[in-house]
Every structure is written in C-alpha cells, then in structure tokens.
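Take a look at the structure set out below.
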Amino acid sequence: MATDLRTEFCTLRDTYIEQQFGRLNEMQRRAVFTTEGPLLILAGAGSGKTTVLVNRIANLIRFGSAHGSRETPREVTAEDVRALRAAVDNKTQAPAWLEGMLSRSPVRSWNIMAITFTNKAAGELRSRLCGMLGEEAGQEVFASTFHSACVRFLRRYAEELGWPRSFTIYDTDDAQRVMKNVYKELNVDDKFLPVKSALNQLGRWKDQLVSPAEAAQANAGSTKGALAARIYAQYEKKLKDAGAFDFDDLIYQTVILLREHPEVRQYYQERYRYLLVDEYQDTSVAQFQLVSLLTGPEQNICVVGDDDQSIYRFRGATIENILNFEKYYPRARTIRLEQNYRSTSNILNAANCVICHNTERKGKELWTNNGEGEKVHVYRAENESDEAMHIADVIGQHLRAGGHLSDHAILYRMNAQSAPIENYFTRAGIPHKIVGGQRFNDRKEVKDIHSYMSIVANPQDDVRLRRIINEPARKIGATTIETIAELAAQEGVSMLHIISRADQYARLSRAVMPLLSFYQMYQKLCDALETSPLDLFASQLIELTGYKRMLEQQAAQGHEDAEDRLQNLGQLVNNVKNYCDQKGVDATLEGYLEEIALISDIDSYNEDSDQVVLMTIHSAKGLEFPYVFLVGMEEGVFPSEMSKYSEADLEEERRLAYVGITRAKKELYLSNSVSRMLYGQTRRNEPSRFLREIEPEYLEESCSPALERASRMGGWRQDYSDTVPGGASGYSGPSGWGRTAASGGFGAGYSRAAYLNREYNAGEQRPASRGFGAGYAARGTGTPGASRPAPAAPAKPTPGSKRYAPGDIVMHKVFGRGKVLRVTPAAGDFIVEINFEKVGVKKTMANFAPLTKVSSEE
DNA sequence: CGAGTTATCATGGTT
DNA sequence: TGATAACTCG
C-alpha cells in the first residue's frame, strides 16, 4: 500500500514539476531540466535566455538535481498525495510544507554560482530569483560578474599571492600612469612603442595567461616583443609593489591562485557545485580557464551564449570558447533556443539577412510568432543634425500617439556620435540620458578624491599618491616627487613611508615642510576614517585635503567649472552615503572603492525615468526597447574605418550590427548621413554595407527633403543602390522647401526617397503631420534652394517670428501644443518655459527648438 | 614652483 | 572637435 502511495506521489511530483515550468517552450524546458553535466545553451537574441537561467536555478533549488529523481520521500501519506494532486489539478503552487517534500537530491542556493559580464545582468538575475524563490534563497545564490567574483576570491586569498588584503583596483587611467613610470625607468621611447599598444599587448598576454617570463621567452626574437616583455615584467612588479591589480590581473591572478593552490580550488569547487556562465561567447582564454578551474569533477557547468553576438573579440574574447565547448567537454549537451519573443518578423528577418553574411558561425536561425510589424525604416540624412532632427520627429510622433520617451533608444557605434544628437535634444528640450562616455567617476575631481581614499585604504599605492600629492598645490613639485620615488625604490618601501620621514633625508631638505604637513594631513584622514562613518569621512576628506577650499577659491575667481566640480563632489558624498545605506554595517572603505572601480555606467542605467536613452551598441547588449534608432549606418563609421582591412574585424562589426538590430521590439529605424562631421572635419560616407545586406522587402526608405529635391533635379546621384535609378517619377509630394502645414508639413517631408523610385502613398504617410511642421513654414525659409534650417545652425532670425511672451500658445514639433509660461534671456537666445498640454512643463531654447507661435496672448 | 600658453593627440567598443 | 600633454614665462 505504502509503495503505491509512493509511486503515485512520484508520478504526481513529475507532473507537478513539469507544470511549474509549463510556460516555457520545449527547448527552454529541456534546458531547465538538464541539470547535470556540461550544458551549452545556444540562445539567440530575445529567446528568453535570462528566463531560462532563472528557471534553471529555481528548478535546482526547489526540486533538486534530476539525478535524484528516483529517490522518493521516506514516508508518504494519503494526505500528501491528495494535496499534491490538488495542486496539479488546480494548477496552483503547492503549499510550503509540501514543496519541502518535493526536492529530490537537495541543492542549496549557495551551491550555485552564476557569472555574468555586467553588474546589471547579475542584479537582474538576483532580483528575478528573489521574486521566484523568495528574498532569502534568492540572495544566497552567488550571482556576480567575473570581475567581482575574482575580487571576492582575491580579498580572501590575496596574501597567498603576495598582495595586501586591502589591494587597490587600477582602472585604465591608473594603468597608463604606471606604464609611463615604467617607460621612464626603462628608458623606453614612447614613439617606438606607444604606451597604449604596450598596454594592449599586456592585456592580451594576461587574457591568454602568458606570464612575463613566458612572454620574454616567446618574444626573444623580436626587438619590440622582447621590449614589451621587459615592460610587462616591470609593470607587474610595480603593481605588486603598489598592492594593486588592474582589470586583467583580477582574472589572471585568480587563475594563478586557483591553479597553484589546490586547497583553495577544492574549497570553491565543493562550495559551488553548479556553475552558470552567461554571455559565454564573450569569455577570454583566462576566463575560460577560471571557469574550468571552478568546475568540479561533476562538471555541472552550464554556459549560455550566442556566437552571433560575440562583440568583444577586441578585448580578448575568443569565440572558440563557445565553438569548442563540445570538444572540451565531450559529455556536453547542446540546446538551441531559436524562438524569438522580442521582435517583429520584419526586424528579425533584417537581422538574419545581415548575420547570414558571416562565415564563422555555428548556424542558427531565429524565428518568431510575433506579427510582421512595420518595415524597418531607413532614413538618409543630409548631415548629422538632420539625422538628429529626424529622430526627434519620429519620437514626437510616437509621443503624441501616446508613447513614452523611455520606449526609445538611440544606439551608435562610438561614443563620439552622441554629441550632435545630445546637442539637438538639449536644445529642443527633449529629455534624454546618455549612458557611457565620460563617466562620473572618471572626472578629475572625483578621481582625485577617490585617490585620497585609496591611499588611506592602501598606503602602498604610489600611483594614486602621485596623483594627488600636489593637488591642491602644496609646493611639492616634480623633482621632489622623483626624488621620493628613487628613495623609495632604494629602500624598497612605499613613497608614503619616505614622506613620513622626510626630515631624515638631506635630498629632501627643501621640501621638508610641505612633505611633513602632507603626512600630518594624511594621518588626520586616517583618524577620520577610524572615528566617523564613511559618508562623513568622505566629506571630511574633501575639507581636510584642502580640495574644497581650492575649488571655492577658484569659484570665487569666476572659474565656471569650479562650481560644477564642487557639486560633483557633493554628489560623490551622496554616493558614499547611498553605499552606506545600502550596505549598512558591512560598509567599508575598501568595499566602496571596489564598487566604484567595477561598476559601469550601464549598471546604474535605470529605465524608470521617462527619458530617451542614448548609448553605444555595446552597452545595449542584453537590453531591449520598443523603438530603436541605429544611427550612423555608414561605411567608415559602422563598420568602422579600422575594421575594413580585416575580414575577422568586419565579421565582428556585423555581429555588432546584429546585436543592434535585435534590440528592437516594435520598430527599427536605421539612418545614415551624406556628410558627417567627425573628429573636426566633414566627411562624406557611403551608406553602410549592412544596409545593402538587408533584403529590400523588409525595408522602407526615405531621405531628407533637401536630398530628395536634389535628386529630383538630377543633380544628386547616389552610388548607394545602382539597381535603382534616380529621378522621381512616382513621387509628387509637396514641392520645394516652403512646405506649409496644409501641404502635409512634416510627415510628407519624410516621404520615401525619390532616389529609390518608390511610390509614395499618402495614405501610408507617417502619422501626426497635421499641424506640425508648421514650425518650419513659419521659420520663413521659403526660399527655394536654401538648405533646411538645422537646429545647430539656426536660420537667421526672422524679425518678430521668434519672440515669445507669456501667455502665447505655441506648437512644438515634438511636444505638441503648449502655453508659454516664462521667457528668460540667455546667451543671445531665450529660454522659453512652456506648459505643454500633453507632456507638462519643459524648457526650450527659442532659436533652436522647433517652435511656432499659434496665437498671441489674448 | 605655478600659471598660462601652445602643441599635439586621438577619437572602436568595456570590466 | 575636444581634451590633455608639453612648453614657456614670471
């Protein structure tokens, strides 16, 4: 009898478990249930990869390893069976007491380690796990980035390797400073081997786990190679002396740690019985080695990746890791996730078209049940501000149709491209946010303060010390600093140690006073750390170092930046406070410094605020947006100039294009520009080859009115598509530039490109032209042949037309109708504050914003 | 030593 | 184009 109950229970249990993951598709479910042994999940873009990861972890924790599936609970009562059957029949979750009986061989949440590339991804994983398993179990799963995980291991075992426990993490800027010192010491000419390429080479070596000795051996033959190897050795020595790791070292040294300390390795292998690695296509040799060292004898290693989305080859990622996974782990199983839940089929087809042109692929074709959706829009602009304006127009249309700013993302190849867009958006008053580029923590004043903090945490850190020893000016000049460095090298101690005994050295006699008072200040900082909470320590530090006074003086002298810098430091203190609030009693100086070293901009990107977001395609990996604008689709920009000589680089660019395209859910807008100002000079670029690679049936093309006109007059022919003749046989839109609202205004302006000779259907025109674009008519550039007024170079002000007064009703191209609240003169222009009917109060610049007066104050 | 000037430089993407 | 390094002068 008891046996029957047990059998019944087990059958029901299997059904129940199946049911718990019933919302997944078959492949996803298979991935979730394959808990043991090596597993490769090839997950296409938008195929629910994170969902699979989360569910797989949840399955492990709730129901244990599938290997235990033959095990049955020792005692099963009729009551248990009844309850389980009820849960199955009603498709509900079993009560907690019953859930407890369902686990086969138990896996605890802290037995699981999930590694991602960004903190954001790790955080998302963690929060979804918390949602599914409850706060406690969710937090116990070790979800972390490669770098944070390594820092965690190294903090524990740094001393085994000869580093202090409170080691510093160097960013690229620090690394460059070290490198410059190395060059000086070794008398290396920067012209012969640029610092940047040396750092690059070192990075490659570390990514490939090549030690300085090995590098020297392998490169004895070449002058440059041998030199680089010498530099490598010296650089590593300097970092070790300073008690610091750079980003690459974090991985490299952790591999050394695990490789050379079996007991450490065993400890982690036993602790983390189940490993999951996300974005596996972006792992380097070193990261692969790290993962293999962590993988225990059971080989419960699950990697998720997409070879088509490998876009970090340039920094050492080897796609071979994913291509060779099955070779390295012969027992490996491979599961492909090819159903896309994100995009429309037009978008997906466009993506497939592009990626098909790559040869180095595992082969995979995404499909979707989502509808066709709109075609992919392609816009050809005159110049970069026309491109920006077009984007603003489209966003405006969406906004007026009830869309949100935050549904829109503008993606570009390189950060420099954000400037013109940012410019236009700022002037037009469109709320936006730039991710990446110059980061807050990279600002000089912020880095300086962080450097002060670093030397408090780690007195050995000479690089950071050099940075701030004379900032603010303390009469400690370059010669003094070099003398200190020499003395420190002679004695084998840190520079700070020399400074503390400055009076004992004749060579330092001139600078004794400033040096000793610097040291006194340093001690005060250390005291402050001991006696105050961290955030208070930060604000005390800003004062004690004299940094605040320096900025205040500068501000008093009318230095404009000084105010901003003071504010930035205020923000810094805020950030420290936030860190404290978040960590509570666990907040430490080292912890804070670690966080700022490893947290990137994208990590703090928060989709909650209603703003258009601008970022590189690289940053956008893993994200999705309803509307995506991929700008600068031009040869020399995307694909980039530097990639065009190597087929492999071009394939990486193409994968990047694929990543960009597949970020879009509803609509995708590709744009390029005939001329573009880049690095201070105007260039004319051909449209990107990636555009040509997309079958025309998925595209809908248009261009700027000026181009269209030129083309109609036969003066402009593009080599873009030689299969399509120029001319405008089919198109008879509004003539000339002096379009009025009545003639269709904006919407019509963006008709299909005449050069493609496609019919323009009025019925198909983009929405929202009504009433809009009147702004352009009113701008008064009725002159045919005059170029369209771009916001960056505003048309000469037509007398009277740009005057606004409170109470005026105005029309804004993006925000619609509104009433002027206030007009303030500023920098030869006017800030017009307007209360818009749809979007509330916004500030715009009178001369730049696409504004028209509808009626004057009554 | 420090401030101000000029020159040069790079500008592919990121932890 | 913009930012920083190198250089010059007080």
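Numbered from 1 within each chain, the chains take letters A, B, ... in sequence-line order.
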* To do: For A:Met642, report the nucleic acid contact type (base, sugar-phosphate, nothing); a contact means any heavy atom under 4.0 Å.
  => base

* Yes or no on salt bridge (Lys or Arg N to Asp or Glu O under 4.0 Å) for A:Glu236 and A:Lys206, after CA distance, side-chain angles and deciding distance? -> CA-CA 11 Å; A:Glu236 288 302 288; A:Lys206 290 184 208 174; 3.0 Å; yes

* **salt bridge (Lys or Arg N to Asp or Glu O under 4.0 Å) between A:Arg466 and A:Glu482, worked out** => CA-CA 10 Å; A:Arg466 278 167 182 265; A:Glu482 287 318 308; 3.2 Å; yes

* **Euclidean distance, atom CG of residue A:Asn415 to atom C1' of B:dG12 [Å, nearest integer]** => 9 Å

* Asked: Does the pair A:Glu634/A:Arg683 count as a salt bridge with the N-to-O cut at 4.0 Å?
  -> no

* Could you check whether A:Thr616 gets within reach of a base, just the sugar-phosphate, or nothing at all, counting any heavy atom under 4.0 Å? => sugar-phosphate

* What's the NZ-C1' distance between A:Lys447 and C:dT4, to the nearest Å? -> 14 Å

* Cation over ring face, A:Arg152 and A:Phe142, 6.0 Å, 45° -> yes

* Asked: Between atom NZ in A:Lys206 and atom P in B:dT14, what is the gap in whole Å?
  -> 20 Å

* Short side-chain N/O contact to B:dT15 OP1/OP2 from A:Ser284, under 4.0 Å -> no

* **Quiz item: A:Glu641 side-chain donor-acceptor pair to B:dG12 base, under 3.5 Å** => no

* Asked: Atom CD of A:Glu652 to atom P of B:dG12: distance rounded to whole Å?
  -> 14 Å

* Is the phosphate of B:dC1, meaning OP1 or OP2, less than 4.0 Å from a side-chain N or O of A:Thr479? -> yes

* In whole angstrom, give the distance that lies between atom NZ of A:Lys475 and atom C1' of B:dA3. => 12 Å

* **Residue whose nearest DNA chain B nucleotide is more 5′ - A:Arg474 or A:Asp649** => A:Arg474

* Value in whole Å for how far the P atom of B:dG2 lies from CD1 of A:Ile481 -> 10 Å

* A:Phe314 stacking on B:dG12: centroids under 5.5 Å, ring planes under 30°? -> no

* To do: Could you tell me whether A:Tyr312 contacts a base, only the sugar-phosphate backbone, or nothing, with contacts defined as non-hydrogen atoms closer than 4.0 Å?
  => sugar-phosphate

* Structure fact -> Whole-Å distance, A:Met414 CE to B:dG12 C1', equals 8 Å

* Asked: Are any of A:Thr118's side-chain N or O atoms less than 4.0 Å away from OP1 or OP2 of B:dT14?
  -> no

* Asked: So what does A:Asn470 touch, heavy atoms closer than 4.0 Å: a base, only the sugar-phosphate, or nothing?
  -> sugar-phosphate

* Asked: Roughly how far apart, to the nearest Å, are C:dA5 and B:dG12 at atom C1'?
  -> 23 Å

* Only one of A:Asp461, A:Asp171, A:Asp174, A:Asp173 forms a salt bridge (Lys or Arg N to Asp or Glu O under 4.0 Å) with A:Arg467, so which one is it? -> A:Asp173

* To do: Return the 5'-most residue of the pair A:Ser640, A:Ala478 with respect to DNA chain B, ranking by each residue's nearest nucleotide.
  => A:Ala478

* Asked: Taking atom OG1 of A:Thr254 and atom CD of A:Gln289, what is their separation to the nearest 0.5 Å?
  -> 12.5 Å

* Please state whether the base of B:dG13 and the side chain of A:Arg315 form at least one donor-acceptor pair under 3.5 Å? => no

* Asked: Quick one: is B:dT14 close enough that its OP1 or OP2 comes under 4.0 Å of any side-chain N or O from A:Ser619?
  -> yes

* Interatomic distance, A:Tyr183 OH vs C:dA5 C1' [rounded to whole Å] -> 16 Å

